[in-house]
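Notes to accompany the following structure.
Nothing here was measured: the structure is a model prediction, and the numbers come from that model. Just follow the structure's listing: the first ligand is 1, and inside any ligand the first atom is 1.
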Amino acid sequence: VIVTFARTVPDGDYTTVLVDGCADGVRIGPVIETAGFPNSPAAAITFRDVRIEAEQILGAPGEAPTILKAAFLRERLLSPFPVLGFADHAIDAVLDFVARRRSGARPLGEFQYVQGRLTDAAVGVETLRVTAHAAIARYMGGVNASAEASLAKLYAGRVAVALASDAIKVCGSYGLLEATGFPAALADALAATIAGGTEEAQRDVLYRFLKTRGRKVRRA
Ligand SMILES: Cc1cc2nc3c(=O)[nH]c(=O)nc-3n(C[C@H](O)[C@H](O)[C@H](O)COP(=O)(O)OP(=O)(O)OC[C@H]3O[C@@H](n4cnc5c(N)ncnc54)[C@H](O)[C@@H]3O)c2cc1C
């Protein structure tokens, strides 16, 4: 099923339409090669005289902005969790590497510069964990957690990019081997800073939140 946003009246608000990818008039592809997120392939989709029944419309006509807003909010709230899953694995893998790999007679893990990269990564990951769970708790408590969701998504992207690139750096040329999963994780991390809303889009939400909060403080 292709979730499609289309205007049903000229210049009107968008309507959400569920289109069967195998329906007559739908053409998908070819897949465009991109870096990162191999399970989320990009391709051009064209529709020519595709018949749409009333039951294929999701929500009311013109309601797509509301549906999109709700979907993007959940996507932002959930975006830190794949990063946290990767982080636990990556830190364990790097700890294992620095215990085995030696510089002279000593394991790499005994050098403070190397330890510092791992402790900095842990600060980022654990701060992200708290931020992500706090945002979900606010949302589940019925609060409009848009600012918290944007903060969590923005920070998740930064942690993911830093973690993947630091994992490569600490492991040296070994870290560049595709088999470690780190180069793919770096590409995924960069893609994650774009998919579901770029860093600038998250900053925009946060800036609007700061302005609203400032107005409330000035009024009090
Ligand atoms: C892996 C992946 C999966 C995706 N999946 C989907 C999907 O399932 N469905 C879907 O609809 N889309 C999907 N997207 C598209 C994604 O939502 C967009 O790529 C994203 O919103 C950015 O839009 P853009 O690429 O057109 O960037 P552009 O809009 O061209 O922006 C380019 C740059 O300019 C910045 N910029 C743009 N406007 C402003 C502004 N006003 N102020 C400051 N900076 C600005 C952007 O932040 C960005 O850095 C996916 C993208 C990726 C990478």
Exercise. Please walk me through it: do Arg203 and Thr198 pass side chain to side chain donor-acceptor pair (under 3.5 Å)?
Worked result: CA-CA 9 Å; Arg203 283 175 161 158; Thr198 63; over 6 Å; no
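- Side-chain N or O atoms of Arg101 include none that pairs as donor or acceptor with a backbone N or O of Leu108 at under 3.5 Å.
- Listed by chain and number, the residues in a salt bridge (Lys or Arg N to Asp or Glu O under 4.0 Å) with Glu63 amount to none (sequence neighbours excluded).
- Both the sub-6.0 Å distance and the 45° axial angle are satisfied by Arg106 relative to the ring of Phe111.
- Put simply, the side chain of Lys153 never gets that close to the backbone of Glu199: no donor and acceptor are under 3.5 Å apart.
- Atoms CG and CG, from Leu128 and Leu154 in turn, are 10.5 Å apart once rounded to the nearest 0.5 Å.
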Please tabulate, one line per pair, the protein nitrogen or oxygen atoms found under 3.5 angstrom from a nitrogen or oxygen of ligand 1, with distances to 0.1 Å, or say none if there are no such pairs.
unit_1	atom_1	unit_2	atom_2	d
ligand 1	47 (O)	Thr198	OG1	2.6
ligand 1	47 (O)	Glu200	OE1	2.7
ligand 1	49 (O)	Glu200	OE1	3.3

